[in-house]
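Some notes on the structure that comes next.
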Protein chains: 2
Amino acid sequence: MALRHAVLTALLDNELSGYDLAKAFGEKVGLFWHASPQQLYAELARLEDAGLITGREVLQRRRPPKRLLTLTDAGLAELTHFAAESAKPSFLRDELLVKVHAERVADTDALIEQLEDHAARAAAKAQVLGDMLTGLRGPKHEAAYLATTNTPGPYLVCVRGRLFEQEKQTWCTWAADVLRARTAGRPIPPLPPR
Amino acid sequence: MALRHAVLTALLDNELSGYDLAKAFGEKVGLFWHASPQQLYAELARLEDAGLITGREVLQRRRPPKRLLTLTDAGLAELTHFAAESAKPSFLRDELLVKVHAERVADTDALIEQLEDHAARAAAKAQVLGDMLTGLRGPKHEAAYLATTNTPGPYLVCVRGRLFEQEKQTWCTWAADVLRARTAGRPIPPLPPR
DNA sequence: CACATCATGTAACCAGTTACATGATTGG
DNA sequence: CCAATCATGTAACTGGTTACATGATGTG
């Protein structure tokens, strides 16, 4: 049950509403841990029942009121405890790979199209993550930022997300090129080094 | 519902028993799509009910009898149809990243240990995948193999798995080095290029 | 004789997805 | 006035994990 801890982590630095969290999980956080709004609202209710977070009502001018959520001491302790446990290994799990594996019985042109589509999306995400990284470290160089910040965690995680997307882009592009070269009888391109 | 299709794909080339499949999902297939034996047996029952696979009993000397499963024509058609649909984007979802994100409130030494552990596992998996690739292409060069085989799918997928594990190893090692350098007051190492 | 491997599952629970539901406010 | 965004959820279903259960055979 790591969604719970992903939520606690997201609340570590900011006081957020359920809505804010849903947005964060669709963007920043979502780049390494995805969850739907419905899942979040359910989890938030459970977390509040368990006393790991508390909410305070904030009235807004010309907006519906919102509940800003904060970690309690118990929530903080829970997070610290969680971080010390050994993490289970993560798996690559990708529908597209299943389809490529079944290329033999698939429509190759449709597959190529999808590979290129996924490559483009990955490139866009990598770009967003790159911008987030420069935003985080500000005017400093990476090494200087990592040496001095007291929250290196988010930066490190963001680097991983970026590597992941870059790797995905590289592979998708190459795989599409390979399949295209095969159907056209052209020479197979090598996998670009990175 | 892509487990169903992952199973069909695994049966595309070989006739397998439930037990064989469970092993394959723990090894080869599991490197890009993981499933537990329980999930598989449940899915197999459903697939047979749906008429997408059939089993034939095989008696063995000095072994319990097993049921070898094969794709039916309907199963093949289902797979072809699935491959043409657009695949939903895959997410990176990793407990370890949640922990690193929460580094601020975690035991840094414990985290470093885990990062190094995960790096070692990733390196081992990458090695296995590399061996699988050389096994698949035999004496040929990659380009020659990909140009001539009629099943490039498994090879391409395997390359992706290897890239993923290499990327994971690179990052885990670097992140551990960064955290270690911070606590020791040493200079932060750069992320190695690849 | 004990442990690993072959071979197959069931039951209970937890996590995640899809579809639906509601109502206010802001910007074009 | 309509669409987008802010803000919060519920209900029904599907998918996945953990723990348990059974029994045969091969290896040290």
Side-chain angles (χ1 to χ4, degrees), chain A residues 1-8 15-27 29-30 32-50 53 55-69 82 85 87-95 98, chain B residues 1-8 15-27 29-30 32-50 53 55-69 82 85 87-95 98:
Chain A
M1 66 169 101
L3 169 59
R4 135 172 262 137
H5 300 103
V7 171
L8 293 176
E15 202 182 22
L16 298 170
S17 68
Y19 187 79
D20 295 334
L21 270 169
K23 264 199 308 184
F25 271 77
E27 293 163 18
V29 188
F32 64 91
W33 193 280
H34 172 264
S36 64
Q38 295 83 348
Q39 247 184 296
L40 287 173
Y41 280 113
E43 192 60 47
L44 289 174
R46 266 178 254 135
L47 282 167
E48 206 165 357
D49 281 356
I53 59 176
R56 59 186 188 90
E57 196 88 4
V58 173
L59 299 172
Q60 302 177 99
R61 280 177 300 167
R62 326 196 145 236
R63 285 267 182 227
K66 60 180 173 181
R67 300 193 66 232
L68 288 181
L69 302 160
F82 166 75
E85 282 170 16
K88 32 183 129 140
S90 67
F91 303 107
L92 189 53
R93 180 174 267 196
D94 192 336
E95 257 191 34
V98 178
Chain B
M1 65 168 102
L3 168 59
R4 136 172 259 136
H5 300 102
V7 171
L8 294 176
E15 201 183 22
L16 299 170
S17 68
Y19 187 79
D20 295 334
L21 270 169
K23 264 198 308 183
F25 271 78
E27 294 163 18
V29 188
F32 63 91
W33 193 280
H34 172 264
S36 64
Q38 296 82 347
Q39 246 184 299
L40 287 173
Y41 280 113
E43 192 60 47
L44 289 174
R46 267 178 253 136
L47 282 167
E48 207 165 358
D49 282 355
I53 59 175
R56 61 187 185 91
E57 196 86 6
V58 174
L59 298 173
Q60 301 177 99
R61 278 178 302 169
R62 326 197 145 236
R63 284 269 183 227
K66 60 180 173 182
R67 299 194 65 230
L68 288 182
L69 303 160
F82 166 75
E85 282 170 15
K88 31 183 129 141
S90 67
F91 303 107
L92 189 54
R93 181 176 268 198
D94 192 337
E95 258 192 34
V98 178

Worksheet item: Residues two or more places apart in sequence or in another chain: which of them pass salt bridge (Lys or Arg N to Asp or Glu O under 4.0 Å) with B:Glu15?
Response: B:Arg56
Fill in: Student check: side-chain heavy atoms of A:Leu8 and B:Val98 closer than 4.5 Å
no
Practice prompt. Figure out the CG/C1' separation between A:Asp20 and D:dA7, and round it to whole Å.
Written response: 10 Å
Discussion item. Just to verify, what does A:Arg67 make a salt bridge (Lys or Arg N to Asp or Glu O under 4.0 Å) with, not counting sequence neighbours?
Written reply: A:Glu48, A:Glu57
Interface polar pairs with nucleotides 3-6 of chain C, N/O, under 3.5 angstrom:
| from | atom 1 | to | atom 2 | distance (Å) |
| --- | --- | --- | --- | --- |
| C:dC6 | OP2 | B:Tyr19 | OH | 2.4 |
| C:dC6 | O5' | B:Tyr19 | OH | 3.4 |
| C:dC6 | O4' | B:Arg63 | NH1 | 3.3 |

Worksheet item: Which residues pass the ring pair (Phe, Tyr, Trp, His ring centres under 6.0 Å) test with A:Phe82, sequence neighbours left out?
Response: A:His5
Fill in: Angle between terminal axes - the helix from C:dC1-D:dG28 to C:dG28-D:dC1, 5 pairs each end, rounded to 10°
40°
Practice prompt. Could you walk me through whether A:Leu40 and A:Leu3 pass the side chain to side chain contact (heavy atoms under 4.5 Å, CB included) test, one step at a time?
Written response: CA-CA 8 Å; A:Leu40 287 173; A:Leu3 169 59; 4.2 Å; yes
Worksheet item: What does nucleotides 9-19 of chain D look like as a protein-contact string, B for base, S for sugar-phosphate only, - for none, at under 4.0 angstrom between heavy atoms?
Response: BB----SSBBB
Worksheet entry | side-chain hydrogen bond (donor to acceptor under 3.5 Å, both in side chains) partners of B:Glu43, counting only residues at least two apart | B:Arg46
Worksheet item: If every non-hydrogen atom of A:Ala2 is compared with every non-hydrogen atom of B:Glu95, which pair is closest and at what distance?
Response: CB-CG, 3.6 Å
Worksheet entry | ring pair (Phe, Tyr, Trp, His ring centres under 6.0 Å) partners of B:Phe25, counting only residues at least two apart | none
Worksheet entry | Which residues share a side chain to side chain contact (heavy atoms under 4.5 Å, CB included) with A:Ala50, sequence neighbours left out | A:Arg4, A:Leu52
Fill in: Atom-to-atom span, CG of A:Leu44 to P of C:dA15 - whole angstrom
14 Å
Fill in: Those residues that, when tested against B:Ser90, pass side-chain hydrogen bond (donor to acceptor under 3.5 Å, both in side chains) (two or more places apart)
A:Asp94, A:Lys168
